[in-house]
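For reference, the structure discussed in these notes is given below.
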Amino acid sequence: MPDLDYLDIGPRLKKAADQLDERIADSMESRAADLLKEIRSNLSGRVLKRQSGALYRSASVQVLESGADIKMKITAGSPSVPYASIHEF
């Protein structure tokens with residue numbers, strides 16, 4: 001292992017933290033795509049029978065990043081799909 005100068009550690013840690021944040025965000029994006037695929041599978045016959053496809057099309061998954069926070073927002077339904085909320089109960 002090479003000798004490290006104390007002044008050299010800060011930038012290296014910052015770079016490592018930035019790389020870790022990027023990998024976590026990439027992983028969340030990948031999981032979001034997998035989750036949307038699973039939701040749409042459930043909305044097209046596996047759990048619910050697909051009728052008009054409106055509920056299927058209304059499903060979305062977003063990854064939201066704000067500072068150090070990374071969240072996943074899952075939505076299905078809209079004003080044009082009022083029957084969506086009944087499936088939550």
Side-chain angles (χ1 to χ4, degrees):
M1 187 165 160
D3 291 333
L4 295 176
D5 183 315
Y6 287 112
L7 298 176
D8 199 30
I9 292 174
R12 285 179 184 225
L13 287 175
K14 171 76 170 113
K15 182 179 177 183
D18 290 344
Q19 290 173 339
L20 181 59
D21 287 347
E22 186 176 321
R23 290 180 71 184
I24 291 170
D26 289 346
S27 178
M28 289 288 285
E29 290 288 345
S30 178
R31 298 297 72 111
D34 292 344
L35 181 58
L36 183 58
K37 188 176 181 179
E38 182 75 15
I39 290 167
R40 288 190 168 160
S41 174
N42 287 341
L43 295 175
S44 34
R46 189 157 47 135
V47 175
L48 295 176
K49 192 172 181 182
R50 189 171 176 176
Q51 298 292 321
S52 69
L55 184 56
Y56 176 93
R57 288 189 302 276
S58 74
S60 68
V61 179
Q62 293 176 295
V63 175
L64 308 169
E65 297 180 56
S66 177
D69 293 337
I70 301 176
K71 300 176 183 178
M72 194 178 297
K73 180 179 178 182
I74 304 161
T75 57
S78 68
S80 64
V81 188
Y83 52 84
S85 61
I86 193 65
H87 297 291
E88 294 180 17
F89 302 102

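Just so it is clear, the model here is predicted, and its values are computed rather than measured.
No continuous path of ILVMFWY side-chain contacts below 4.5 Å connects Leu64 to Leu36, so the two sit in separate hydrophobic clusters. Under a hydrophobic clustering in which Ile, Leu, Val, Met, Phe, Trp and Tyr are joined whenever their side-chain heavy atoms come within less than 4.5 Å, directly or via other members, Leu55 and Val47 fall into the same cluster.
Looking at every heavy atom in both residues, Ala32 comes nearest to Met72 through N-CE, 3.9 Å. Between Leu43 and Arg50 the shortest heavy-atom distance is O-CB, 3.7 Å. Heavy-atom minimum distance, Ala59 versus Ile39: CB-CG2, 3.9 Å. Closest approach of Gly77 to Ser58, counting heavy atoms only: N-OG, 2.7 Å.
Separation of atoms OG (Ser41) and CG (Leu48) is listed at 11.0 Å; rounding is to 0.5 Å. Remark: Arg40 CZ to Arg57 CZ distance equals 10.0 Å, nearest 0.5 Å. Once rounded to the nearest 0.5 Å, the distance linking CD of Gln62 with NZ of Lys71 reads 13.0 Å.
Applying the salt bridge (charged side-chain N to carboxylate O under 4.0 Å, His left out) test to pairs two or more places apart or on separate chains, those with a residue in residues 15-26 are Lys14-Asp18.
Put simply, the side chain of Lys37 does not reach to within 4.5 Å of the side chain of Asp34, judged on heavy atoms.
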